[in-house]
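Structure, as C-alpha cells:
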Amino acid sequence: MIVVLKHGVSAEKVSQLIAWLEALGLRIHISNGEFQTVLGLVGDTSSVDIDLVESLEMVDSVKRVTEPFKMCNRKFHPESMVVEVGDVKIGAGNFVMIAGPCSVESEEQIVTVAKAVKAAGASLMRGGAFKPRTSPYDFAGLKAEGLELLKIARQETGLPIVTELMNINDLPLFEDVDVIQIGARNMQNFDLLRELGHVNKPVLLKRGLANTLKELLMSAEYIMASGNERVMLCERGIRTFSDYTRNTLDLSAVPMLHELTHLPIIVDPSHATGIARLVPPMALAATAGGADGLIIEVHNDPIHALCDGAQSLRPEEFAELAKKVFAVREVVQ
Ligand code: PEP
Ligand code: MN
C-alpha cells in the first residue's frame with residue numbers, strides 16, 4: 001500500500017503517522033520527492049483501514065500496490081534512483097559505460113584494457129575473478145589474485161571495479177570492490193541475495209537466462225528488503241529460439257522495467273549476442289531505448305582470451321562504439 005502525502009505537511013505530522021502505521025506492525029519506506037512524499041507500507045496491510053487513512057487531513061491519496069515487489073516498485077519511489085559509485089552517478093539521466101574483459105587474466109591485460117576503456121569514456125571497469133563456467137574444465141578465473149589485479153588497474157586508472165561474486169563465503173574478499181555483480185546463474189540464489197542486503201555497496205543484478213522481469217524484480221526485492229537499496233538491474237539476454245546468437249536481447253525489458261521500478265537499468269549486449277560484431281548495433285539500440293548504462297566486454301587480444309573472446313571488442317572497436325553511444329545519448333536524453 002502507498003500513502004501519498006499532501007505537499008507541505010510538517011515533519012512532525014509525518015513522524016506521527018509513521019509511528020501509528022509502525023505500531024500496526026508495518027515497515028515504512030519513505031520517499032521524499034521534490035514535489036511529494038510517498039510512504040510505502042511493507043508487510044501485512046490487511047489490517048489498515050484505507051478509508052480512515054485517506055480521510056486524514058495530511059493525506060492526498062492511498063493506493064493498494066498489487067505487485068508482489070514493493071521496495072523496488074516505482075509506485076513506492078516515483079523518482080528514478082541514482083546509484084553513486086565514488087564520483088560516478090548512474091540512473092535518472094546519468095548514463096554509464098562499464099567495460100573490460102570477461103575475466104581478469106594478468107596484470108598487463110587488465111591494466112592495458114582498463115586504460116584503453118577509460119580513454120574511450122568508460123567510467124567503471126568490469127573483469128571477472130570468480131567465473132561461473134558451464135564446463136568444469138574451463139578457466140574459472142584467477143579468484144583472489146584476480147581481485148588484486150583489478151585493484152592495481154583501479155590504482156592505475158581511477159576506474160571503480162565491477163566484479164562477480166558467486167559464493168557468500170567469498171564475500172570478505174570483496175570488501176574493497178566497488179560494485180558486486182550477481183551473475184545470471186545466481187539471480188535466484190536467495191541466500192546470496194539476502195546476504196547482499198547487509199553489504200554497503202551497490203549490486204549489479206543480472207537477469208537469469210530463463211527468468212521473467214517479475215522474477216528479476218523479486219530478486220532485487222530480496223536484496224532491498226534485507227537492507228541494501230543500491231541495486232541496478234541488468235538485461236543480458238534470455239533463452240528463446242535464437243539459433244545464431246548466444247541469447248536474445250530483450251530490449252523491451254528496458255522501457256518496461258523503467259515503468260515498473262525506479263532502479264537503474266543496464267544492458268549487456270556482449271552476453272546477449274555472443275558475437276563481437278553484433279555488440280555495437282545492440283549497444284546503440286539499448287542506448288536509444290533508454291538504458292541507464294551498458295556493460296561491454298573488451299579484450300586487448302580477443303583471439304587468445306581465456307573466456308568469451310568471440311564476443312569481446314578490441315579497445316579500438318570499443319572507442320569507436322563509445323563515440324556513437326555518446327552521440328545517441330545526446331539525441332535521446
Ligand atoms: C559476465 O558478466 O561475465 C557473466 C558471466 O555474465 P552472465 O552472468 O550474464 O552470464
Ligand atoms: Mn563473459
Side-chain angles (χ1 to χ4, degrees), residues 74 79-85 87-102 113-126 157 159-160 162 179 181 202 204-207 213 216 232-238 242 244-299 302 308 311-333:
R74 191 179 275 281
E79 286 173 31
S80 296
M81 183 169 72
V82 178
V83 170
E84 293 187 24
V85 185
D87 298 336
V88 182
K89 289 188 168 64
I90 309 160
N94 303 284
F95 183 84
V96 76
M97 292 272 261
I98 308 167
C102 180
V113 175
K115 283 183 176 166
V117 299
K118 182 180 183 180
S123 36
L124 297 173
M125 70 167 141
R126 61 150 290 147
T157 59
L159 291 183
V162 181
V179 177
Q181 175 178 320
L204 179 66
L205 178 65
K206 299 188 90 176
R207 181 177 180 184
L213 297 184
L216 174 61
M232 298 178 274
L233 304 177
C234 179
E235 163 56 39
R236 46 78 72 207
I238 48 171
S242 50
Y244 290 100
T245 53
R246 186 170 174 181
N247 292 291
T248 298
L249 179 57
D250 179 10
L251 265 188
S252 59
V254 176
M256 193 71 245
L257 286 170
H258 276 317
E259 278 182 25
L260 295 167
T261 182
H262 58 291
L263 303 180
I265 313 299
I266 309 294
V267 170
D268 174 348
S270 306
H271 293 89
T273 62
I275 302 170
R277 68 176 186 282
L278 301 189
V279 170
M282 292 301 97
L284 294 171
T287 308
D292 297 298
L294 299 169
I295 180 164
I296 294 179
E297 287 190 343
V298 178
H299 198 289
D308 285 351
Q311 68 194 32
S312 299
L313 298 184
R314 296 172 189 281
E316 59 276 17
E317 292 168 330
F318 176 73
E320 215 27 61
L321 169 60
K323 276 190 221 155
K324 292 181 188 166
V325 166
F326 292 129
V328 170
R329 278 290 302 167
E330 288 295 310
V331 179
V332 297
Q333 215 163 355

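Predicted, not measured: the structure shown is a model, and the values here were computed from it. Just so you know, residue 1 is the first one in the sequence shown, and it goes up from there.
Without hydrogens or angle criteria, Ser270 side chain to Glu297 main chain gives a donor-acceptor distance under 3.5 Å. A side-chain donor-acceptor contact under 3.5 Å links Arg126 to the backbone of Cys102. Lys89 places no side-chain N or O within 3.5 Å of a backbone atom of Asn94 that could act as its donor or acceptor partner. Under the 3.5 Å distance criterion, the side-chain polar atoms of Thr245 are matched with a main-chain donor or acceptor of Asn247.
In this structure Arg207 satisfies the salt bridge (charged side-chain N to carboxylate O under 4.0 Å, His left out) test together with Glu235, Asp250, sequence neighbours excluded. Considering only residues two or more places apart in sequence or on other chains, Lys115 meets the salt bridge (charged side-chain N to carboxylate O under 4.0 Å, His left out) condition with Glu156.
Here the closest non-hydrogen pair linking Glu317 and Ser312 is OE1-O, 4.5 Å. For the residue pair Val267 and Ala291, the shortest heavy atom distance occurs at CG2-CB, 3.9 Å. Shortest non-hydrogen contact noted between Val254 and Gly289 is CG1-O, 3.5 Å. Ala120 and Ala319 get closest at one heavy-atom pair: CB-CA, 3.7 Å. Nearest heavy-atom pair across Val298 and Ala99 is CG2-CB, 4.0 Å. The two residues Gly121 and Met97 make their nearest non-hydrogen contact at O-CB, 4.2 Å.
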For Leu249 and Leu278, what are the C-alpha separation, side-chain angles and deciding distance, and is it a side chain to side chain contact (heavy atoms under 4.5 Å, CB included)?
CA-CA 11 Å; Leu249 179 57; Leu278 301 189; over 6 Å; no
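Expressed to the nearest 0.5 Å, how far CD1 of Ile295 lies from CE of Met125 amounts to 12.0 Å. For the atom pair CE (Met256) and CG (Leu213), the distance works out to 7.5 Å, reported to the nearest 0.5 Å. Here CE of Met282 is found 8.0 Å from OG1 of Thr273. Values are rounded to the nearest 0.5 Å. Here the straight-line distance linking atom CD1 of Ile98 with atom CG of Leu294 works out to 8.5 Å at 0.5 Å rounding. The CD1 atom of Ile265 lies 9.0 Å from the CG atom of Leu260; values are rounded to the nearest 0.5 Å. The CG atom of Leu124 sits 7.5 Å away from atom CG of Leu159, with the distance rounded to the nearest 0.5 Å.
At least one side-chain heavy atom of Ile266 sits under 4.5 Å from a side-chain heavy atom of Val96. With contacts defined as side-chain heavy-atom distances shorter than 4.5 Å, the pair Ile296/Pro269 qualifies. Side-chain contact between Ser123 and Ile90 is absent, with no heavy atoms from C-beta onward closer than 4.5 Å. With a 4.5 Å cut-off on side-chain heavy atoms, Phe95 and Thr287 count as touching. By the 4.5 Å heavy-atom criterion applied to side chains, Leu263 and Leu205 are not counted as neighbours.
The stretch residues 261-272 participates, sequence neighbours left out, in these salt bridge (Lys or Arg N to Asp or Glu O under 4.0 Å) pairs: Lys206-Asp268.
Under 3.5 Å, the side chains of His299 and Asp308 contain no donor-acceptor pair of N or O atoms. Side chain to side chain, Arg74 and Ser80 meet the donor-acceptor criterion of an N or O pair below 3.5 Å.
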